[in-house]
2 protein chains.
Amino acid sequence: MNPYENERLRLKAEVFKAMGHPLRLGIIEFLQLGEKCVCEIVEHVGTEISNVSKHLSVLKKTGIVTDRRDGLKMMYRLTMPCALDFARCVEGVVIKRLDAQRSVMVA
Amino acid sequence: MNPYENERLRLKAEVFKAMGHPLRLGIIEFLQLGEKCVCEIVEHVGTEISNVSKHLSVLKKTGIVTDRRDGLKMMYRLTMPCALDFARCVEGVVIKRLDAQRSVMVA
DNA sequence: GGTCTGTTTTACTATTTTACCAATAAGGCA
DNA sequence: TGCCTTATTGGTAAAATAGTAAAACAGACC
């Protein structure tokens, strides 16, 4: 593994890592509905606005979302559509695990 | 966001998080070539075997890989093919950033 | 049983991430 | 200008993660 290869993996891992938090994933899914302001995102995910803002900056840094100002509001939108394709795929795996958990709980 | 929704996002984020480490991503890409033993993986990624073992357990826990014993060796293989599709997609984004970095270095 | 090989687990330290709260922008409007 | 709304940044404590080395484990083979 040469330096270029290491850097490639590091950048790539950064994208996955950015998506690897429930709140950030929730934001990404919400943004599928279209451009949203921070205030709408806060309302949807239900946590401190400062917390949301920081998570948004993580997503922005890796290029998953981008923002623009609209008056007082900052509008965020997705810039990596393929992220959603994969998210859908993972969904299948996750649903299985959720069902398994429910079976255990019911039993 | 109800409890089920939260749990769904948590599990889903776990998959991304597992892929969000350069070493683990390197392992995943290596396993595209087919089933490999821990010793081969160690040689490929170039770090302590105990470290590789721990990363493998993370990947296994989330269902990205699975293992089987073959004599003394533990063989690992991918179980989430779609992970690769997304990885390829992210690749495009990453390559752009890498190129940008190189431009800066050259300039 | 004893020993070798291949792998996992444990114990430890250093670093990173996270959530919360307070403080600080930055734009709109009286 | 002053004040309101919206969002970001800084600080801090708690929790999670990563890497290393040593110990433990599991199967193969004598």
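Nothing here was measured: the structure is a model prediction, and the numbers come from that model. Here is the naming used below: chain letters follow the sequence lines, and residue numbers restart at 1 for every chain.
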Enquirer: Rounded to the nearest Å, what distance is computed from the CG atom of residue L72(A) to the P atom of nucleotide dC29(C)?
Expert: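 Nearest whole value for this atom pair: 8 Å.
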
Enquirer: Is there a side-chain polar atom (N or O) of T47(A) under 4.0 Å from OP1 or OP2 of dC20(C)?
Expert: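 It does, given that an N or O in the side chain of T47(A) lies less than 4.0 Å from OP1 or OP2 of dC20(C).
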
Enquirer: In this structure, how many angstroms lie between the C1' atom of dG6(C) and the CD atom of E48(B), rounded?
Expert: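 Going from CD in E48(B) over to C1' in dG6(C) covers 15 Å.
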
Enquirer: Between R24(A) (side chain) and M19(A) (backbone), is there a donor-acceptor pair under 3.5 Å?
Expert: no

Enquirer: Let me know the distance between CG of L23(A) and P of dA19(C), rounded to the nearest Å.
Expert: 6 Å

Enquirer: dT16(C) P sits how many Å from R10(A) CZ, rounded?
Expert: 12 Å

Enquirer: Is the charged tip of K17(A) near the ring of F16(B): under 6.0 Å from the six-membered ring centre and within 45° of its axis?
Expert: no

Enquirer: Contact class for K60(B) vs. all strands (heavy atom < 4.0 Å): base, sugar-phosphate, or nothing?
Expert: nothing

Enquirer: Within this structure, what is the CD-to-C1' distance between E43(A) and dT5(D), rounded to whole angstrom?
Expert: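 The answer, rounded to whole Å, is 16 Å.
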
Enquirer: Nearest nucleotide by nearest heavy atom, which residue falls closer to the 5' end of DNA chain C, I49(B) or G71(A)?
Expert: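 Going by which nucleotide is closer to the 5' end, it is I49(B).
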
Enquirer: Which nucleotide in the set dT9(C), dT20(D), dA7(D) lies at the smallest distance from any side-chain heavy atom of S53(B)?
Expert: dT9(C)

Enquirer: Rounded to whole Å, please give me the gap between CG in D67(A) and P in dA26(C).
Expert: 14 Å

Enquirer: For the pair made of NZ in K54(B) and P in dA21(D), what is the distance, rounded to whole Å?
Expert: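 From K54(B) NZ to dA21(D) P: 12 Å.
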
Enquirer: Under 4.0 Å between a side-chain N/O of R24(B) and OP1 or OP2 of dA18(D), yes or no?
Expert: yes

Enquirer: Which pairs of donor and acceptor atoms, one on a side chain in residues 73-81 of chain B, lie under 3.5 Å apart (sequence neighbours left out)?
Expert:
| from | atom 1 | to | atom 2 | distance (Å) |
| --- | --- | --- | --- | --- |
| T79(B) | OG1 | G63(B) | O | 2.7 |
| T79(B) | OG1 | I64(B) | O | 3.1 |

Enquirer: Taking only N and O in the side chain of Y76(B), is any of them less than 4.0 Å away from OP1 or OP2 of dT8(C)?
Expert: yes

Enquirer: Would the distance check show the side chain of S57(B) and the main-chain N or O of K54(B) forming a donor-acceptor pair, the cut-off being under 3.5 Å?
Expert: yes

Enquirer: Determine the contact category for S50(A): base if any of its heavy atoms lies under 4.0 Å from a base atom, sugar-phosphate if only primed atoms, P, OP1 or OP2 are that close, otherwise nothing.
Expert: base

Enquirer: For H55(B) and dT17(D), what is the distance between atoms NE2 and P respectively, to the nearest whole Å?
Expert: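 Rounding to the nearest Å, NE2 of H55(B) and P of dT17(D) are 12 Å apart.
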
Enquirer: Both H21(B) and C39(A) contact DNA chain D. Taking the nearest nucleotide for each, which residue is further toward the 5' end?
Expert: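 Closest to the 5' end, via its nearest nucleotide, is C39(A).
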
Enquirer: So, does K17(A) get its side chain near the phosphate of dT17(C), meaning an N or O under 4.0 Å from OP1 or OP2?
Expert: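 K17(A) to dT17(C) OP1/OP2: side-chain N or O found under 4.0 Å.
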
Enquirer: Quick one: does any side-chain atom of E40(A) pair with a main-chain N or O of C37(A) as donor and acceptor, under 3.5 Å?
Expert: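 A pair under 3.5 Å: yes.
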
